[in-house]
Amino acid sequence: METFQALLPGQSVQDIGRRAKFLTITLSESILVFHLRMSGDLRMEPSESPLEKHDRMVLDFTSGWRLSFNDTRKFGRVWLVYDTLAIFAALGPEPDDPALTPAKFHEMLRERKRAIKPLLLDQHFLAGLGNIYTDEALFRASIHPLQSSETLDEQDAARLLEAIRFTLASGIESNGASIDWVYRGGDFQNHFQVYQRSGKPCPRCGQPINKILVGQRGTHFCPNCQKLKGA
DNA sequence: AGGGTAACCCGGACGC
DNA sequence: TGCGTCCGGGTTACCC
């Protein structure tokens with residue numbers, strides 16, 4: 001294990017924020033940016049607390065508190081930057097941006113010609129959806145994961161945008177999903193409609209949920225409720 | 001432009 | 001019990 005010390009003398013926390021799946025801690029003269037990927041976790045605790053297994057970075061504050069970045073699978077990333085432009089420049093809009101109207105979303109979908117699931121996962125198209133939320137949102141909107149984006153009409157787009165917003169809000173309300181031992185305290189896994197429910201009955205029609213591979217990602221959907229249209 | 005694939009990482013699940 | 005193998009999450013790189 002290599003260790004080094006990064007000193008941030010005299011700097012204090014000015015703000016805490018989020019853009020897409022990135023967390024930002026704005027300091028007096030620089031910005032800490034975190035991406036937890038799937039196994040990352042941040043803890044605030046007294047500096048004298050024992051370190052935990054897989055703690056990858058710790059920040060000691062003069063107040064006696066410590067911020068620990070724990071990441072079992074080392075997938076997470078941390079940057080110390082002077083501005084976030086380079087990291088955030090290419091990101092798509094936030095799903096909850098009021099400027100993202102159903103009409104605008106429809107236009108974005110029509111400009112592309114790509115299977116809807118990988119498109120929704122593409123952070124440059126729309127920022128914030130991961131595999132779980134994409135499957136859940138497509139189910140709620142009754143759209144097949146392989147449906148090509150430009151074939152979705154205004155109503156489809158409006159339904160999908162609503163489903164995305166609803167699904168993300170539900171996940172946040174549940175403190176996320178704790179499907180893995182690395183997540184803590186989340187409850188959203190108890191609200192999954194399709195994700196990791198292959199073979200189990202669709203909550204809407206009772207037909208078995210199907211699982212396929214789309215762009216190397218496990219993809220769960222109801223073949224009866226989410227039919228490919230116009231094919 | 002879109003897609004397919006591999007890489008990163010590692011603990012748990014699974015099969016033998 | 002002890003192996004080996006596969007899996008999956010988000011993202012980028014690279015190839016066709």
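Chain identifiers are assigned alphabetically (A, B, ...) following the order of the sequence lines, protein sequences preceding nucleic acid strands; residue numbering begins at 1 within each chain.
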**Report entry** Short side-chain N/O contact to dT11(C) OP1/OP2 from His35(A), under 4.0 Å
**Finding:** yes

**Report entry** 4.5 Å side-chain heavy-atom contact, Ser148(A) and Thr151(A)
**Finding:** yes

Query - Approximate separation, where rounding is to 0.5 Å, of Gln147(A) CD and Ser142(A) OG - result: 12.0 Å

Query raised in the report: Is there side-chain contact between Trp79(A) and Thr24(A), with heavy atoms separated by less than 4.5 Å?
Result: no

Report task. Kindly assign one of parallel, tilted or perpendicular to the pair Phe22(A) and Phe88(A), based on the angle between their ring planes and the thresholds 30° and 60°. Result -> tilted

Query raised in the report: So does Gln14(A) have more than 12 non-hydrogen atoms from other groups sitting under 6.0 Å from CD?
Result: yes

Report task. Take the C1' atoms of the five end pairs on each side of the helix from dG2(B)-dC16(C) to dC16(B)-dG2(C), derive the two axes, and give their angle rounded to 10 degrees. Result -> 50°

Query raised in the report: Rounded to whole angstroms, how far apart are CG on Leu119(A) and C1' on dT11(C)?
Result: 16 Å

Requested in this report: Using the salt bridge (charged side-chain N to carboxylate O under 4.0 Å, His left out) rule, take Arg37(A) and Asp71(A) through it: C-alpha gap first, then chi angles, then the decisive distance, then the call.
Outcome: CA-CA 9 Å; Arg37(A) 297 280 177 103; Asp71(A) 186 11; over 6 Å; no

Report task. Please determine if a side-chain N or O atom of Arg114(A) lies less than 4.0 Å away from the OP1 or OP2 oxygen of dG3(B). Result -> yes

Query raised in the report: Within the pair Lys53(A) and dG11(B), is there a side-chain N or O less than 4.0 Å away from OP1 or OP2?
Result: no

Query raised in the report: Taking only N and O in the side chain of Gln123(A), is any of them less than 4.0 Å away from OP1 or OP2 of dG10(C)?
Result: no

Query raised in the report: Mind checking whether Asn190(A) and Asp187(A) have side chains closer than 4.5 Å, heavy atoms only?
Result: yes

Query - From dG2(B), dG8(C), dT11(C), nucleotide with atom closest to Tyr195(A) side chain - result: dG8(C)

Let me check something: any side-chain donor-acceptor pairs from residues 101-111 of chain A under 3.5 Å, sequence neighbours excluded? List them with distances.
unit_1    : atom_1 : unit_2    : atom_2 : d
Thr101(A) : OG1    : Lys104(A) : N      : 3.1
His106(A) : NE2    : Leu152(A) : O      : 3.0

Query raised in the report: Side chains of Ser49(A) and Arg66(A): does their closest heavy-atom pair fall under 4.5 Å?
Result: yes

Query - Check: Thr26(A) and Ile16(A) side chains under 4.5 Å, non-hydrogen atoms - result: no

Requested in this report: To the nearest Å, give me how far apart NZ (Lys21(A)) and C1' (dG10(C)) are.
Outcome: 6 Å

Query raised in the report: Which part of the nucleic acid does Lys211(A) contact within heavy-atom distance under 4.0 Å: base, sugar-phosphate only, or nothing?
Result: sugar-phosphate

Report summary line: The contact string for nucleotides 4-9 of chain B, one letter per nucleotide 5' to 3', using protein heavy atoms under 4.0 Å with B, S and - for base, sugar-phosphate only and none, comes out as -BB-BB

Query raised in the report: What is the distance, rounded to the nearest whole Å, between atom CG of Leu213(A) and atom P of dC6(C)?
Result: 15 Å

Query raised in the report: Would you call Lys229(A)-Asp153(A) a salt bridge at under 4.0 Å N-O?
Result: yes

Requested in this report: By nearest nucleotide on DNA chain B, pick out whichever of Ser149(A) and Asp71(A) is the more 5' one.
Outcome: Ser149(A)

Requested in this report: Report the residues that fulfil side chain to side chain donor-acceptor pair (under 3.5 Å) with Asn131(A), sequence neighbours left out, ordered by chain and then residue number.
Outcome: Lys117(A)

Requested in this report: Please answer whether the main-chain N or O of Gly128(A) pairs with a side-chain N or O of Gln123(A) as donor and acceptor at a distance below 3.5 Å.
Outcome: yes

**Report entry** Integer-rounded Å distance: dG9(C) P and Gln189(A) CD
**Finding:** 14 Å

Requested in this report: Starting from C1' on dG11(B), measure out to NE2 on His54(A) and report it in whole angstrom.
Outcome: 8 Å

Report summary line: Ordered by number, residues from residues 105-113 of chain A within less than 4.0 Å of DNA chain B (heavy atoms) are Arg112(A), Lys113(A)

Query raised in the report: Could you give the CG-to-P distance, from Leu36(A) to dG8(C), as a whole number of Å?
Result: 22 Å

Report summary line: When rounded to whole Å, the CZ to P distance for the pair Arg19(A) and dT11(C) reads 12 Å

Report summary line: Atom CD of Glu150(A) and atom C1' of dG2(B) are separated, to the nearest Å, by 12 Å

Report task. Under the salt bridge (charged side-chain N to carboxylate O under 4.0 Å, His left out) rule, what do Arg114(A) and Glu150(A) come out as? Steps first, then yes or no, please. Result -> CA-CA 7 Å; Arg114(A) 197 175 173 193; Glu150(A) 88 284 6; over 6 Å; no

Query raised in the report: By a strict heavy-atom criterion of less than 4.0 Å, which residues belonging to residues 124-140 of chain A are in contact with DNA chain C?
Result: His124(A), Gly130(A), Asn131(A)

Query - Over 12 foreign heavy atoms within 6.0 Å of CD, Glu162(A) - result: yes

